[in-house]
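Heads up: the structure comes next, in structure tokens.
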Amino acid sequence: MGIPFPDYLHPTLSPNAKKRSRYHDVHVLTDSITFNDVPQMDDPDHYLTKRPRPADDSTSAAAGPRRLWVKTRSKAWWEQVSSPDYPEEDFRRDFRMSRATFDMICDELESVVTKKDTMLRLAIPVRQRVAVCIWRLATGEALREVSRRFGLGISTCHKLVLEVCTAIKSVLMPKFLQWPDDTRTAEIKAEFEALSAIPNVGGAMYTTHIPIIAPKVSVAAYFNKRHTERNQKTTYSITLQGVVDPKGVFTDICVGWPGSMTDEQVLEKSALFQRANQGALAGSWIAGNAGFPLMEWLLVPYAHQNLTWTQHAFNEKISEVVEGVAKEAFMRLKARWSCLRKRTEMKLQDLPVVLGACCVLHNICEMRNEEVGPELRFELFDDEMTPESRVRSAEAMQARDQIAHQLLHHNLAGTNFIYSSHTVC
């Protein structure tokens, strides 16, 4: 599944092409991202070769073949973690998943990430390669700390993270992050209706921001004014828009648009928006918050002043979908993969693949009932910007009014607002 992101982040574009391109022009899919091949030498930081002596050197005959100087690094921590005796609870804390789930991921990726031994050294095993990537995503620790933990060079750890994330995108994303078929869509609608009493909801949508180091190009585009003003600290970010099912599993993501863009602008750049405009979502609602406009396929809360009881009741129920399901799923995503909450040592053009891998790993954990411990949970907050036009469809406005009327007058709406109103009176 492709992840839309801006074309000027594409690594194959020339510097002049990047300058000419604007983030609001054309987006490409990460299917076109290419990475340099990882060299056969698994760890270039580990070895130094001694330059051969000149032919006329009197000592050359006695010197023999070139010698290999190896920088010793301790693998004690990784050897302890990979031991069968390592406690399961500690393994879950380190990798945000059980050993069984980790082993499943290794088995799925083995054919893609396996490397051959060379004459100079043995290849890094598959389990260690995957572990480097997952531990880095889970902790968000600096590459120097990853290097120390796993006994590998810093540049090697960086390459392994990108290599494994790319493998996750190519191998696991088609299996674990896809738009649902008709059968699954019907199940999703039934589950959302059982939760909120709102019919025909095929997904819940939310947009969050991922902090980044100030980029070298188009700095203003990535400046997050709202976060900067709220936190009193200069912030740059990229966006992650996602649609989830009732279990918090991602069914669609759009990654990488600059942090200065509103939720509405990011939506218009997404593949989801294009599919919806072509009629692919006919008969279904995607539920969103007040940062999105009301459309034929996008159901959002009432946002004007002086709401009626019917409208308040509707807002309460749709909040159970957006806040209780979508936002909660994004919280678990960021709680599992702490790298999404820190400014990482990573190039801007590499981030879409890494973020996509985090979403796939999140789905695997959700599908396998991997819980997020209370010590990892936190309060997720993202600013909601009022869209330029709150209502883009008169038909959608009538449909929302009908849903709100049915919820209140068929005793399907919540009573929190009514009780609170009586208390105030």
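Numbering of residues begins at 1 and proceeds along the displayed sequence.
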Matching residue for Cys165 among Val353, Leu355, Asp350 - test: side chain to side chain contact (heavy atoms under 4.5 Å, CB included): Val353

So, do [X] and [Y] sit near enough that their side-chain heavy atoms are less than 4.5 Å apart?
X	Y	answer
Leu298	Ser393	no
Leu272	Cys254	no
Arg343	Ile212	no
Val354	Met346	yes
Pro246	Leu195	no
Glu323	Glu328	no
Phe292	Met205	yes
Leu348	Tyr222	yes

Intermediate values then yes/no, side chain to side chain contact (heavy atoms under 4.5 Å, CB included), Arg400 and Leu294: CA-CA 9 Å; Arg400 181 175 64 177; Leu294 178 67; 3.7 Å; yes

Check whether [X] reaches the backbone of [Y] with its side chain - one donor and one acceptor, N or O, closer than 3.5 Å.
X	Y	result
Asn315	Tyr302	yes
Trp179	Thr251	no
Asp252	Gly242	no
Thr228	Thr234	no
Ser147	Leu152	yes
Ser270	Leu267	yes
Gln311	Thr308	yes
Lys342	Thr139	yes
Thr235	Lys233	yes
Arg96	Arg93	yes

Pair [X], [Y]: side-chain N/O donor-acceptor within cut-off below 3.5 Å:
X	Y	result
Thr101	Glu370	yes
His362	Arg336	yes
Lys189	Ser284	yes

Pairing residues for Glu145 by the side-chain contact (heavy atoms from CB on, under 4.5 Å) criterion, not counting sequence neighbours: Trp135, Glu141, Arg148, Arg149

With rounding to the nearest 0.5 Å, note down the distance linking [atom1] in [X] to [atom2] in [Y].
X	Y	atom1	atom2	result
Ser319	Lys327	OG	NZ	9.0 Å
Leu177	Leu361	CG	CG	10.5 Å
Trp257	Thr239	CH2	OG1	8.5 Å
Cys157	Leu143	SG	CG	6.5 Å
Asn306	His304	CG	NE2	8.0 Å
Gln265	Met385	CD	CE	9.0 Å

Electrostatic pair [X]-[Y], nearest N-O below 4.0 angstrom:
X	Y	result
Asp245	Arg184	yes
Arg92	Glu89	no
Asp382	Arg226	no

Audit row: Phe102, Phe91, ring-ring contact (aromatic ring centres under 6.0 Å, His included) steps and yes/no: CA-CA 10 Å; Phe102 177 82; Phe91 191 93; 5.5 Å; yes

Identify the heavy atoms of [X] and [Y] that sit nearest to each other, and give their distance.
X	Y	result
Ile188	Gly203	CG2-N, 4.4 Å
Pro301	Ala290	CD-N, 3.9 Å
Trp337	Cys365	CZ2-SG, 4.4 Å
Val255	Pro352	CG1-CA, 3.7 Å
Arg129	Val113	CD-O, 3.5 Å
Asn200	Gly283	CB-O, 3.7 Å

Cation-pi geometry met for Arg341 and Phe378 (6.0 Å, 45°): yes

Chi angles and distances behind the salt bridge (charged side-chain N to carboxylate O under 4.0 Å, His left out) call for Glu296, Arg392: CA-CA 8 Å; Glu296 290 86 352; Arg392 294 193 184 183; over 6 Å; no

Stepwise side chain to side chain contact (heavy atoms under 4.5 Å, CB included) test for Cys359 and Phe250: CA-CA 7 Å; Cys359 292; Phe250 287 99; 4.3 Å; yes

Pair Ile253-Gln241, side chain to side chain contact (heavy atoms under 4.5 Å, CB included): steps then yes or no: CA-CA 6 Å; Ile253 57 174; Gln241 173 191 287; over 6 Å; no

Pair Val325-Val244, side chain to side chain contact (heavy atoms under 4.5 Å, CB included): steps then yes or no: CA-CA 8 Å; Val325 177; Val244 301; 4.0 Å; yes

Where at least one partner belongs to residues 195-220, residue pairs that pass ring pair (Phe, Tyr, Trp, His ring centres under 6.0 Å), sequence neighbours excluded: Tyr206-Phe330, His209-His227

Over 12 non-hydrogen atoms of neighbours within 6.0 angstrom of CD in Glu375: yes

Matching residue for Lys247 among Glu191, Glu366, Glu187 - test: salt bridge (Lys or Arg N to Asp or Glu O under 4.0 Å): Glu191

Check against salt bridge (charged side-chain N to carboxylate O under 4.0 Å, His left out), Glu108 and Lys175: CA-CA 10 Å; Glu108 291 279 350; Lys175 297 181 180 180; 2.7 Å; yes

Trp77 and Phe95 aromatic ring geometry - parallel, tilted or perpendicular at 30°/60° bounds: tilted

